[in-house]
Amino acid sequence: MNAKTSQGKPARVRFAPSPTGLTHMGSARTALYNKLLAEQSGGAFILRIEDTDQKRFVAEAEADLTSSLRWLGLDWDEGAGVGGPHDPYYQSQRMAIYREHAEELVGKGKAFYCFCTPEELAEARKAQQAAKQQPHYPGTCRDLDSETAAQRVADGETHVIRFKSPKEGSITVHDRLRGDITVENRTIDDKILVKSDGHALYHLAAMVDDHLMEITHVLRGEEWLASLPLHAHIYEAFGWQQPEWVHLSVFLKPSGKGKMSKRETAEMKLTGQSIFVNDLKDLGYLPEAVINWIVLMGWSYDDRTEFFTMGDLVEKFSLDKLNPSPAAIDFKKLDHFNGLHIRALDEKELSARLLPFFEAAEIDADPDLVAKITPLIQARITTLDDAPEIAAFFFKDTIEVSDDDLIGSKMTAAESAAALQRAFEILDVLPAFDTASMKAPMRAVADELGLKAGQLFGLLRNVVTGQQVSPPLFESMEIVGKATVMARITNAIQRLEAIGS
RNA sequence: GCCCCCAUCGUCUAGGGGACUAGGACGUGACCCUUUCAAGGUCAAGACCGGGGUUCGAAUCCCCGUGGGGGCACCA
């Protein structure tokens, strides 16, 4: 009864979001697992847009979705925007198909026309709740004479089509992650298949499309688990073979207490964190890191390997290693993976990815200069967005140094001025203004003045970069260039002398 | 209220009867390296929700409890 798609056979899988909001990491993970399954089996990854609810439609949602997916590298083989053998891939354009299938069920006695009004149903629901019963369809039209019902429909009476769910016995469905799940049929409601506006509901549309599109594995969120028995009944009513069902665990908020709420999602942005894919991109996270992060929430490879590229995952991903328990979001771990992947990038690539972030920080960054500083900051940034801050002084004509920073650690103003003076003299006569030429002579200066290297270098760092934290001093000075470095030192000496007098 | 799912360090997880003095990672602390900050290296603290079974033996299997999560729309 359960569709047993053997490993190795090409998997046709789909990611089927509804365009009602921005794409978040939960959706991204579902899409990722689908993509991996398709990719590793030589199958197809399909993007289907479930836009049957025009009331909840959000115009920007689809563009946000496709840009998120593409940025993550989760391109689809068939579906919205790219077409394919089962066009169209927008459910709003498949109304006739659903209607036809719903009628087929009515004809088989597996579904029925229902003329109850929303008001009547609301009232019934209220009464049921008052009686502490599970809200359910009262069954008013379930056993209407089929010919008269058909006549009322033909006469244009407003109606919906409901699934005639079996009331006796039980059903056992198999989930790849959770095993067999058995429920009593009486707990399954007569769900609406086609609304009075003619649009199908998820329960019908998704089942029909998954069958027609020859989907082999349905990977979806755990929130669908409760309706799995209903879906299995619908498959059976049509006489179709079920796909392999895989219900993925949900993501919990960082505290581990419940799902992210709308309000919490908004508050999170204030702290520089977000669950939305495009926000993560703007925050300076690498798609490689985001992928690595989310793939491990609910899946693992072994007891030690955690660094994965998309290529690794296509090779190593397996449904067997999925974990059914909910996972709390940990942004610290995202930072960790981002650092790992930043360091794994080659310099040219990193440099290119850094450019937009300098631009966003309103720094007019010359690509050649960025290329030069990239190796200096590669191990020092955790997000791309950190770069403009740590490297700002490379791009400024003037830097700001406070009076306090003009004076070296455990030194007086006069000592600081003298140290800078001596450093200036040595630097000025160097055969080449580069790291290799500077290092030894500058250490000698420190010795000569009875200073620790850290004291002298720290002072120079303040004076030359305007920062207490910076990339390595001499490498930085080499890039800033002799003229600017010497000017900054001279300026500092002058200010120190003014302070002293 | 009813139905379903889940349960190992703070967090993500390995573990599928003996290899467990329960492994890895993030985070935390210490140390090393070191011109700052990172990165890197070493070490440390830190968990099997509770109770019953089954078994020679249980983190692993079963039951109950508890806790957490999801669902019960003419939303998806």
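Chain identifiers are assigned alphabetically (A, B, ...) following the order of the sequence lines, protein sequences preceding nucleic acid strands; residue numbering begins at 1 within each chain.
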Asks: In whole Å, what separates the P atom of B:C37 from that of B:C32?
Replies: 14 Å
Asks: With a 4.0 Å cut-off on heavy atoms, is A:Gly298 in touch with a base, just the backbone sugar-phosphate, or nothing at all?
Replies: sugar-phosphate
Asks: Under 4.0 Å between any heavy atoms, over every strand shown, what does A:Pro17 touch: base, sugar-phosphate, or nothing? Just pick one.
Replies: nothing
Asks: What does A:Ile181 touch in the nucleic acid at a heavy-atom separation under 4.0 angstrom: a base, only the sugar-phosphate, or nothing?
Replies: sugar-phosphate
Asks: Find the partner of B:C20: check Watson-Crick (N1-N3 plus N6-O4 or O6-N4) and G-U wobble (N1-O2, O6-N3) distances, both under 3.5 Å, and reply none if neither fits.
Replies: none
Asks: Between B:A47 and B:G24, how far apart are the P atoms? Round to whole Å, please.
Replies: 14 Å
Asks: Tell me whether the centres of the aromatic rings in A:Trp245 and A:Tyr235 are closer together than 6.0 Å.
Replies: yes
Asks: Any strand is fair game: report the nucleotide pairing with B:C72 by Watson-Crick or G-U wobble, both distances under 3.5 Å, or none.
Replies: B:G1
Asks: Between A:His203 and A:Trp224, what is the ring plane arrangement, given parallel below 30°, perpendicular above 60°, and tilted in between?
Replies: perpendicular
Asks: What interatomic distance, in whole Å, is found between C1' of B:A22 and the corresponding atom of B:G68?
Replies: 23 Å
Asks: Classify the nucleic acid contact of A:Pro472 as base, sugar-phosphate or nothing, counting any heavy atom under 4.0 Å across all strands shown.
Replies: base
Asks: RNA chain B: A:Glu306 or A:Arg56, which has the more 5' nearest nucleotide?
Replies: A:Glu306
Asks: If you measure from the C1' atom in B:C31 to the same atom in B:G17, how many Å do you get, rounded?
Replies: 41 Å
Asks: Considering every strand and a 4.0 Å limit on heavy-atom distances, what is the contact class for A:Lys191: base, sugar-phosphate, or nothing?
Replies: sugar-phosphate
Asks: Just name whichever nucleotide pairs with B:A47, Watson-Crick or G-U, keeping both distances under 3.5 Å, else none.
Replies: none
Asks: For A:His247, give me all partners under ring pair (Phe, Tyr, Trp, His ring centres under 6.0 Å), at least two apart in sequence or on another chain.
Replies: none
Asks: Using a 4.0 Å heavy-atom cut-off, does A:Leu473 contact any base of the nucleic acid, only the sugar-phosphate backbone, or nothing at all?
Replies: base
Asks: Applying ring pair (Phe, Tyr, Trp, His ring centres under 6.0 Å), name anything that partners A:Phe331, two or more places apart in sequence or on another chain.
Replies: A:Trp293
Asks: If we call it a pair only when both distances are under 3.5 Å in a Watson-Crick or G-U wobble match, what pairs with B:U34?
Replies: none
Asks: Does the pair A:Tyr89 and A:Asp209 meet the rule for a side chain to side chain donor-acceptor pair (under 3.5 Å), with working shown?
Replies: CA-CA 9 Å; A:Tyr89 291 89; A:Asp209 285 345; over 6 Å; no
Asks: Decide whether A:Glu184 and A:Thr187 meet the rule of one side-chain donor and one side-chain acceptor closer than 3.5 Å.
Replies: no
Asks: Who passes side-chain hydrogen bond (donor to acceptor under 3.5 Å, both in side chains) against A:Ser470, sequence neighbours left out?
Replies: A:Arg461
Asks: Could you please name the partner base of B:G57, counting Watson-Crick and G-U wobble pairs only when both distances are under 3.5 Å?
Replies: none
Asks: Of all residues at least two apart in sequence or in a different chain, which pass the ring pair (Phe, Tyr, Trp, His ring centres under 6.0 Å) check with A:Phe474?
Replies: A:Phe457
Asks: Counting any heavy atom closer than 4.0 Å, what does A:Pro135 reach on the DNA or RNA strands: base, sugar-phosphate only, or nothing?
Replies: base
Asks: Identify, with sequence neighbours excluded, every residue that meets side-chain hydrogen bond (donor to acceptor under 3.5 Å, both in side chains) alongside A:Asp189.
Replies: none
Asks: Quick one: do A:Tyr202 and A:His231 satisfy ring pair (Phe, Tyr, Trp, His ring centres under 6.0 Å)? Show the steps, please.
Replies: CA-CA 10 Å; A:Tyr202 178 92; A:His231 296 163; 5.7 Å; yes
Asks: What does A:Pro326 touch in the nucleic acid at a heavy-atom separation under 4.0 angstrom: a base, only the sugar-phosphate, or nothing?
Replies: sugar-phosphate
Asks: Taking any heavy-atom pair under 4.0 Å as a contact, classify A:Lys253: base, sugar-phosphate, or nothing.
Replies: nothing
Asks: Quick one: label A:Gly258 by what it contacts on the DNA or RNA (base, sugar-phosphate, nothing), any heavy atom closer than 4.0 Å.
Replies: sugar-phosphate
Asks: Look through every strand shown and name the nucleotide pairing with B:C26 as Watson-Crick or G-U wobble, where both distances are under 3.5 Å.
Replies: B:G10
Asks: Looking only at atom C1', what distance separates B:G16 and B:U11, rounded to whole Å?
Replies: 24 Å
Asks: Can you name the residues that form a salt bridge (charged side-chain N to carboxylate O under 4.0 Å, His left out) with A:Glu478, not counting sequence neighbours?
Replies: none
Asks: For A:Thr52, answer base if it contacts any base atom (sugar-phosphate contacts may also be present), sugar-phosphate if it contacts only those atoms, and nothing otherwise; contact means non-hydrogen atoms under 4.0 Å.
Replies: sugar-phosphate
Asks: Listed in order of residue number, which residues of residues 458-468 of chain A have a non-hydrogen atom at under 4.0 Å from RNA chain B?
Replies: A:Arg461, A:Gln468
Asks: B:C6 and B:C62: how far apart are their P atoms, nearest whole angstrom?
Replies: 11 Å
Asks: Which part of the nucleic acid, if any, lies within reach of A:Val160 when heavy atoms closer than 4.0 Å are counted: base, sugar-phosphate only, or nothing?
Replies: base
Asks: Name the residue closer to the 5' end of RNA chain B, choosing between A:Arg343 and A:Ser255 according to the nucleotide with the nearest heavy atom.
Replies: A:Ser255
Asks: Taking any heavy-atom pair under 4.0 Å as a contact, classify A:Ser196: base, sugar-phosphate, or nothing.
Replies: base
Asks: Using the P atom on both, measure B:G69 against B:C75 and round to a whole Å.
Replies: 27 Å
Asks: Now, which nucleotide makes the Watson-Crick or G-U wobble pair with B:A39, with each of the two distances under 3.5 Å?
Replies: none
Asks: Tell me what A:Ser470 touches on the nucleic acid: a base, only sugar-phosphate, or nothing, going by heavy atoms under 4.0 Å.
Replies: base
Asks: A:Phe115: which residues meet the ring pair (Phe, Tyr, Trp, His ring centres under 6.0 Å) condition with it, sequence neighbours left out?
Replies: none
Asks: Taking atom C1' in both B:G53 and B:U60, what distance in whole Å separates the two?
Replies: 15 Å
Asks: What is the 5' to 3' range of RNA chain B, first to last nucleotide, that sits under 4.0 Å from any heavy atom of chain A?
Replies: B:G1 to B:A76
